[in-house]
Amino acid sequence: MSAALLTAEELTKVYGGGGSASNARTVRALDAVSLDIHEAETVALIGPNGAGKSTLLKSLVGLLPPSSGTVSALGERFSGEPSVAQRRAIRRQIGFVFQDHGLVGRLSALTNVVHGWLGQPGGWRAVHQSTAPGEARQRALSALADVRLEDKARARVDDLSGGQAQRVAIARAVMRKPRLLIADEPAAALDPAAGHEVMRRFVDLANARSLTLVFTSHDMEHALAYADRIVALKGGKLAFDRKRSDVSPQTLRDLFHG
Ligand code: ADP
Ligand code: MG
C-alpha cells in the first residue's frame, strides 16, 4: 500500500480546562485514536452527535493541535501546535468543503469557483472570473463540468438550489488541484435526494481525479453508499475501522443506538 497521507498516533484532544476557573469543565473529545489514511481512499468518519468526528477531521489536518499524541499530515509531522510553515504546507494541498457552502450568493457560480484561486501568486485577480488568469478560469470551468454544472456557470448562486450550491462549493475546493479533500457533513443541510446527488458527484469527482476524500457524516446511508472505508467513533474513541464491505447496516445501528 502507498504511504499514508494522514496518520494519527494515539491522538487525544481535550477541550477546555485552560480558563482561570479551577473547576473549568474539560471535554475529552478524542481519546487515543490511531489511524492511517492512504492516497486515493474515500473514508467516512461516522458516529453519533458529539462523538468527535469534526474534532478528528480538524485535528488530522492541523486545524486543531492535539492535546497528546502525534499527527502526520501530507508529510508534516507534529505533536502539539503545528508551526505556521507546517500549517501553510498542509493547507496548500487541501480542498475544504463544509456543511454550509460559504459561497457569495450575489456572484455567479463561475466567479465563486474562481475564488478558489485567491491566495495563489497573482491570486488577487481571481476576485472575479472576468479578471482571473486564463488558467484559473479554465480550471474553474473544468471543475464545474466535473460536478455537472457547466450550464450554470453564469447563474447567480442565489438562484441555485441548495444541492447545486454545494456542488459549486465542491468545484471551488478542487480547482487548486489539492491532493486531499476534507468535508465536514457536506450533505447535512440538504434534503435526502439532494444530499445523495451531492455525495454521488463528490465521490465520482474524487475518484476521477484520484483524490483522497475524507468526509464526516451522521448519515449511515451515506457512509455505506459512498465510502470505501468507514471509521466509526463513539464517545471520542475509535469504535471500528473497516472496509465498507465488512460493515453491515446492523453494525451501524448498534453504533448509533447501542
Ligand atoms: P461531532 O462532530 O461528532 O458531532 P465534535 O467533534 O464536534 O463531535 O465534538 C466532540 C465533543 O467535543 C462534544 O462533546 C462537543 O461538545 C465537544 N466540543 C467540540 N468543540 C468544542 C469546543 N470548541 N469547545 C469545547 N468543547 C467542544
Ligand atoms: Mg461535527
Side-chain angles (χ1 to χ4, degrees), residues 6-35 37 42-71 73 78 80-82 87 90 94-102 162 166 169-170 173 180-192 194-195 198-199 202-203 213-227 229-242 244 247 251-258:
L6 299 174
T7 299
E9 294 161 57
E10 300 279 312
L11 170 61
T12 295
K13 178 68 188 177
V14 179
Y15 288 110
S20 50
S22 57
N23 61 347
R25 214 171 69 84
T26 60
V27 177
R28 185 171 290 259
L30 294 176
D31 192 355
V33 172
S34 297
L35 79 154
I37 292 173
T42 298
V43 180
L45 303 181
I46 66 162
N49 217 353
K53 304 178 294 291
S54 297
T55 302
L56 179 57
L57 195 68
K58 289 181 199 153
S59 301
L60 282 172
V61 295
L63 293 175
L64 279 176
S67 304
S68 67
T70 302
V71 170
F78 50 90
E81 196 87 47
R87 263 184 222 274
I90 296 167
I94 301 183
F96 294 94
V97 175
F98 297 99
Q99 178 176 334
D100 168 12
H101 57 66
Q166 192 59 308
I170 290 167
L180 172 65
L181 288 168
I182 292 289
D184 199 4
E185 301 274 357
L190 304 171
D191 65 67
V198 162
M199 289 308 301
F202 203 3
V203 167
L213 169 59
V214 185
F215 67 93
T216 65
S217 179
H218 62 265
D219 188 326
M220 328 186 212
E221 270 186 53
H222 286 184
L224 286 170
Y226 304 111
R229 187 173 146 205
I230 299 181
V231 172
L233 292 172
K234 191 160 198 177
K237 290 192 164 69
L238 202 62
F240 62 78
D241 177 354
R242 295 187 200 153
R244 176 193 42 196
V247 178
T251 313
L252 294 185
R253 278 193 291 274
D254 291 345
L255 173 76
F256 282 87
H257 305 297

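Both counts, for ligands and for their atoms, begin at 1 and track the order of listing. In what follows, residues are counted from 1 in the order of the sequence shown. For clarity, every value in this text was computed on a predicted model and none was experimentally measured.
- Shown in contact with Asn49 at under 4.0 Å from a heavy atom are these atoms of ligand 1, numbered in order with element: 4 (O).
- In this structure, His222 and Tyr226 have perpendicular ring planes: the angle between them is above 60°, well past the 30° mark.
- By the 4.0 Å heavy-atom criterion, Gly16 is excluded from the residues contacting ligand 1.
- Of the possible polar contacts, none joining the Lys13 side chain to the Arg28 backbone as a donor-acceptor pair under 3.5 Å is found.
- Taking backbone and side chain together, Asn49 holds no N, O or S atom under 2.8 Å from the Mg ion (ligand 2).
- The heavy atom nearest to atom 5 (P) of ligand 1, considering only Asp184, Thr55, Leu57, is found in Thr55.
- Put simply, the side chain of Glu10 never gets that close to the backbone of Asp31: no donor and acceptor are under 3.5 Å apart.
- Side chain of Arg244 to main chain of Ala223: no donor-acceptor pair is present (N/O by atom type, distance under 3.5 Å, no hydrogens or angles).
- Closest heavy-atom approach to atom 2 (O) of ligand 1 among the candidates Gly235, Ser59, Ser54: Ser54.
- The minimum heavy-atom distance linking Lys53 with Leu45 is given by the pair CD-O, 3.6 Å.
- When atom types are taken as modelled, the side chain of Gln166 and the backbone of Pro186 share a donor-acceptor pair closer than 3.5 angstrom.
- Using a 4.5 Å cut-off on side-chain heavy atoms (C-beta onward), Leu11 and Ser34 make no contact.
- When hydrogens are left out, the protein atom nearest atom 14 (O) of ligand 1 is Val27 CG1, 3.6 Å; that is the closest non-hydrogen contact.
- Close approach of ligand 1 to Ala29 (heavy-atom distance below 4.0 Å) involves ligand atoms 10 (C), 11 (C), 12 (O).
- Between the side chains of Tyr15 and Ser67, no donor N or O sits under 3.5 Å from an acceptor N or O.
- For atom 13 (C) of ligand 1, the closest non-hydrogen atom on the protein side is Gly50 O, 3.7 Å.
- Of the protein's heavy atoms, Tyr15 CD1, 3.3 Å lies nearest to atom 27 (C) of ligand 1.
- The closest approach between Gly52 and ligand 1 falls below 4.0 Å for a heavy atom of the residue.
- For atom 16 (O) of ligand 1, the nearest protein heavy atom lies 4.0 Å or farther away.
- Inclusion of Ala51 in the set of residues having an N or O under 3.5 Å from an N or O of ligand 1 is warranted.
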